[in-house]
Number of protein chains: 2
Amino acid sequence: MPKHQAPIPLVDLNADAPCCPPLAQRRVPAETAAVLAPAFKALGDPVRLQLMSMIASADGGEACVCDLTPAFDLTGPTISHHLKTLREAGLVDAERRGTWVYYRARPQILRQLAGLLASEPTAATQR
Amino acid sequence: MPKHQAPIPLVDLNADAPCCPPLAQRRVPAETAAVLAPAFKALGDPVRLQLMSMIASADGGEACVCDLTPAFDLTGPTISHHLKTLREAGLVDAERRGTWVYYRARPQILRQLAGLLASEPTAATQR
DNA sequence: TCTCTGTTTAGACAGGCATCTAGACAGGGT
DNA sequence: ACCCTGTCTAGATGCCTGTCTAAACAGAGA
């Protein structure tokens, strides 16, 4: 097997996470906190927050590493390290197509995090 | 001057943060990332995430440290340390009234964070 | 005032993290 | 086949963090 590749999603939030009971509405149980905290932690670095944004807002929903790297004053390996962190937090998926590797956001978990922070469900609300 | 007290809010997000351009809509600028990343970082610990939830969901909008501490298998100083982290990230305010200290969530920044993660700002349905 | 309880600070330690350089793997072109 | 470019991994290093114990501060009550 290829030793170079191990992009297995380490966090599967769809399966066991109770999804989105707003943080300010009822107390977050320890298990949920243990699952979601790493995602917040991954976003807790300015570089990764920007990377996440660049990927999520990219045309076609995916961004090439070759476009991400030159946007920072950091070496390739460092960017790769941050992308790995986002990958392991379940925030993005990676796929190699030919020479370049493309990253794609996983909207589900972003929705979960946003739902957790939502203070005012406002109109449309839950379902 | 009182050496014990320095609960100055270190982050004033209202003033300079451009507030809530959704992360997936356009690229987060470096300055915004630098301001908001510490808030995500503060939520990136299971204990702090639970503390934040307990405070934000408390009756009357505030929670006493004396209620927070016994909810964890951690010493008082450790809880105090985490609360200080939340305070310095601008997520909560502290106020001493008599013997006890009460913590209160700052909804504005929670809204900012939620807005940043919101994939679809319009409440209704959506894919 | 003295004492008791609640809370924070100080200092120390182990572990984790961001960054770098050097090297390895993948794919395309010559 | 070879080399060149793009990307990731490995290992090292210095800083940051989570946790503890011990001690200091704040307020209430005797």
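A note on names: the letters A, B, ... follow the listed sequences, proteins ahead of strands, and every chain is numbered from 1. When reading the values below, keep in mind they use all heavy atoms of this one structure, side chains included, and skip hydrogens, waters and symmetry mates.
Residues passing the side chain to side chain contact (heavy atoms under 4.5 Å, CB included) test with A114(B) are L117(A), sequence neighbours excluded. Here T75(A) pairs with P77(A), T78(A) under the side chain to side chain contact (heavy atoms under 4.5 Å, CB included) rule; sequence neighbours left out.
Remark: L49(B) CG to T32(A) OG1 distance equals 9.0 Å, nearest 0.5 Å. For the atom pair CG of L91(B) and CD1 of I55(B), the computed distance is 9.0 Å after rounding to the nearest 0.5 Å.
Close to dT17(D), at under 4.0 Å from its OP1 or OP2, lies a side-chain N or O of K41(B). Between W100(A) and the phosphate of dT7(D), there is a side-chain N or O to OP1/OP2 separation shorter than 4.0 Å.
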Which atom pairs, donor and acceptor, lie under 3.5 Å between side-chain atoms of residues 60-74 of chain B and protein residues at least two apart or in another chain?
| unit_1 | atom_1 | unit_2 | atom_2 | d |
| --- | --- | --- | --- | --- |
| E62(B) | OE1 | R104(B) | NH2 | 2.7 |
| E62(B) | OE2 | R97(B) | NH2 | 2.6 |
| T69(B) | OG1 | V65(B) | O | 3.1 |

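The nearest whole Å value for the distance from the CG atom in D67(B) to the P atom in dG6(C) is 12 Å. To the nearest angstrom, P of dG27(D) lies 14 Å from OH of Y102(B).
Applying the side-chain hydrogen bond (donor to acceptor under 3.5 Å, both in side chains) rule to pairs touching residues 36-60 of chain A yields R48(A)-H82(A), sequence neighbours excluded. Counting only residues at least two apart or on different chains, no salt bridge (charged side-chain N to carboxylate O under 4.0 Å, His left out) pair has a member in residues 23-40 of chain B.
DNA chain D is contacted by L74(B), T75(B), P77(B), T78(B), H81(B), H82(B) of residues 68-82 of chain B, taking any non-hydrogen atom closer than 4.0 Å. The stretch residues 42-66 of chain B comes close to DNA chain C through C64(B), V65(B), C66(B), each having a heavy atom under 4.0 Å from the strand.
Closest to the side chain of K84(A), from the set dG27(D), dT7(C), dT9(D), is dT9(D).
Donor-acceptor pairing under 3.5 Å is recorded for the side chains of R87(A) and Y103(A).
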For DNA chain D, what dot-bracket results from Watson-Crick or G-U pairs at under 3.5 Å, with [ ] for crossers and | for inter-strand partners? ||||||||||||||||||||||||||||||

